[in-house]
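Worksheet: the structure to be examined is printed underneath.
Values below: every heavy atom of this structure, side chains too, minus hydrogens, waters and symmetry copies.
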Amino acid sequence: MPRYYCVAEGCSSDSRKKGRYGFMADVEFFPFPSSKHPKVRRKWLELLRRRDFEPSRHDRLCSMHFVDGQPTEDHPYPELFRYNNFKCSLGNRGTSSIEKRSLQQAANNNNKVTSDQENEHRPTQATATDILIVDEDDAYREQLFPFPVNKEITVQSIPAVEPTATPSDHDYCSHGNEKAHPQTCNAECQTNLTLQDMEKSEAELLQLRETFKDKDDLKRYLLVDKMTDSDSSVKSYFGLPSVVTLFGIFAILDNLTPTLAYWKGGSGVYNATPENPSKKTGPNRKLTRFHEFLITLLRLRLALSTFVIADIFGISCTRVSQIFVTWIDYMNVVFSPLLKRPSAKCMKKILPKCFKSVFPKTTCIIDCTEFFIERPSTPTAQSKTYSSYKQKNTFKALVAVTPSGAFMFISNLWGGNVSDRYITEHCGFLDIVKPGDEVMADRGFLIRDLLLERMATLNIPPFTKKCSWGKDKHLTAHDVLKTKKIAKLRIHVERAIGRLKNYKNLFHTIPLKIKPLCNQIVKVCAFLSNCQEPLVK
């Protein structure tokens, strides 16, 4: 069934309201005259008074704008509109649909009243004061009305009604011989609020007004509330699995030191000892420590520009840089010692099932990963950081993960042209290798002799061998199966590196101006990656 609505200004008639509203029961919709009757069509549009309006074949006018309820010979044009008050006096017709319905209901109720009921004698209703004066004695009357009364007040009797047990809200409404008393009750405000509750509400309102007087404070409050309201928001903004983890990490950092000095460029304030330990050193903070912690995580996770964070939190770009440098160094000092090798008992307990059946003695999986950097300006730096594998300037680091996928070692960053063997030999990884360990690595790690010195073994895919029937090289069937087994398990270190690079500060090209912070950033991101669920179970 087609749906129509009236195009007259101020009219709310709609065919969808039929059956739901009583005033729409008899309303009909009429189309505009076609172009075959230009004079009538033009007259309709003139009376409609809508500038630059050209009706389509779907536009309609409702019957409320016609004198006879529809176009007739006597009244072929719509004449009743809002601008002429529907040809009624202003005092007789309401302008809103609510008033229209009220008038129509009142008219219907008046029609139902018969003439006998209109002429029926109605007793005068007694007021509460009249009842009190009639029922009480003269002494109490004089107490209530001390002024002289010259005219006797009479009250017409009310027809007797059988007494019913109806509850009364007020004592003066009771009838009978019960003596009324002058107690009153305010019916306009029946609440259970006490004065203390109202004072408490006013204090909270003043506190909120004072808190959100500044627009920056309001914007900061709403943003932080949005970012920390659910686990999904925390995972998207900060890369942590839950709200509990976020607040737990901050509690660790907040409780370790009561004061935290800002970084001040080359001079620094790390070793500064304040005369008053309870007073914070450095510039006065506009943000709380939790806000500064969130700023650091936002830059790590989303790699937001400094001016964007400064605009969001209502601070300067310089202050954002101070906060980020200070908190990255602080978090590196706290979290780097936690990237360590688990004990043999713990390693055996958390060893995944996929390792138990094939390589049960595996303690770690190692690999080198590279991070893109800006191209240095000097030729020497370009040659030291150029990676022939990535064909770009990079920083390289050696990472070692447990069989479950958690980082247990992160080396410092090296230039992209340094070999994997050289990094493994000089980065300190061999110091955590113990006798009897099995280290799994890619085919490019030629470090078997280095591990043998520490009585450890190396599991890498086998190399191809020369064919006996030609000059080509190939893998035997046994070597192919071993390669598949190692590759199936070694892929977990690639997944761990992928989780590390989910922090966009490491995924995008690293600017050289933050080169002194790169080691700290990588290790802090590795710790935050370990706070997530295990990669392998």
[X] atom [atom1], neighbour heavy-atom count above 12 within 6.0 Å:
X: R375; atom1: CZ; answer: no
X: E533; atom1: CD; answer: no
X: E9; atom1: CD; answer: no
X: K485; atom1: NZ; answer: no
X: F53; atom1: CZ; answer: yes
X: K504; atom1: NZ; answer: yes

Heavy-atom pair of closest approach, residues [X] and [Y]:
X: R301; Y: Y503; answer: CA-CD2, 3.8 Å
X: C317; Y: T306; answer: O-CG2, 3.4 Å
X: L304; Y: R299; answer: O-NE, 3.8 Å
X: T296; Y: M331; answer: CG2-SD, 3.9 Å
X: V493; Y: I366; answer: CG2-C, 4.5 Å

Query raised in the report: How about L512 and I373: do any of their side-chain heavy atoms sit closer than 4.5 Å?
Result: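 A side-chain contact under 4.5 Å exists here.
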Report task. Taking the side chain as every heavy atom from C-beta outward, state whether L300 and L506 have any pair of such atoms under 4.5 Å apart. Result ->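 They are not in side-chain contact.
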Query raised in the report: Where do I521 and F371 land on the side-chain contact (heavy atoms from CB on, under 4.5 Å) test, with the steps shown first?
Result: CA-CA 12 Å; I521 291 175; F371 307 98; over 6 Å; no
Ignoring hydrogens and angles, tell me if any N or O in the side chain of [X] forms a donor-acceptor pair with the backbone of [Y] under 3.5 Å.
X: R20; Y: R16; answer: yes
X: K18; Y: V27; answer: yes
X: K17; Y: F23; answer: no
X: Q382; Y: P376; answer: yes
X: R443; Y: P462; answer: yes
X: K219; Y: D311; answer: yes

Query - Passing candidate, side chain to side chain donor-acceptor pair (under 3.5 Å) with N393, options T509, N417, T385 - result: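 By the side chain to side chain donor-acceptor pair (under 3.5 Å) criterion, N393 pairs with just one of T509, N417, T385: T385.
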Query raised in the report: Which one of K396, E494, K501 satisfies the side chain to side chain donor-acceptor pair (under 3.5 Å) criterion with T369?
Result: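 Testing T369 for a side chain to side chain donor-acceptor pair (under 3.5 Å) against K396, E494, K501 leaves exactly one candidate, K501.
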Sequence neighbours excluded and cut-off under 3.5 Å, please list the side-chain donor-acceptor pairs for residues 236-253, or say none.
{"residue": "S236", "atom": "OG", "partner": "S232", "partner atom": "O", "Å": "2.9"}
{"residue": "S242", "atom": "OG", "partner": "T245", "partner atom": "N", "Å": "3.3"}
{"residue": "S242", "atom": "OG", "partner": "T245", "partner atom": "OG1", "Å": "2.9"}

Query raised in the report: Between T378 and T380, is any side-chain donor less than 3.5 angstrom from a side-chain acceptor?
Result: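 No.
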Query raised in the report: Side chains of K523 and N412: donor-acceptor distance under 3.5 Å anywhere?
Result: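 Result is yes, a qualifying pair exists.
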Query raised in the report: Hey, mind stepping through N530 and L339 against side-chain contact (heavy atoms from CB on, under 4.5 Å) and telling me if it holds?
Result: CA-CA 9 Å; N530 285 350; L339 298 174; 3.4 Å; yes
For the [atom1] atom of [X] and the [atom2] atom of [Y], what is their distance to the nearest 0.5 Å?
X: N459; Y: R490; atom1: CG; atom2: CZ; value: 12.5 Å
X: T228; Y: L223; atom1: OG1; atom2: CG; value: 9.0 Å
X: Q520; Y: L413; atom1: CD; atom2: CG; value: 9.5 Å
X: L458; Y: E438; atom1: CG; atom2: CD; value: 9.5 Å
X: R319; Y: E292; atom1: CZ; atom2: CD; value: 8.5 Å

Query raised in the report: Going by the angle between their ring planes, with limits at 30° and 60°, are F293 and F290 parallel, tilted or perpendicular?
Result: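 Plane angle between 30° and 60°, so tilted.
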With a cut-off of 3.5 Å and sequence neighbours excluded, list every side-chain donor-acceptor pair involving residues 475-482.
{"residue": "T476", "atom": "OG1", "partner": "D479", "partner atom": "N", "Å": "3.3"}
{"residue": "T476", "atom": "OG1", "partner": "D479", "partner atom": "OD2", "Å": "3.0"}

Query - R341 vs T363, side-chain contact (heavy atoms from CB on, under 4.5 Å): CA-CA, chis, key distance, verdict - result: CA-CA 9 Å; R341 172 195 171 119; T363 55; 4.0 Å; yes
Query - Worked check of side-chain contact (heavy atoms from CB on, under 4.5 Å) between F445 and V439 - result: CA-CA 11 Å; F445 282 84; V439 179; over 6 Å; no
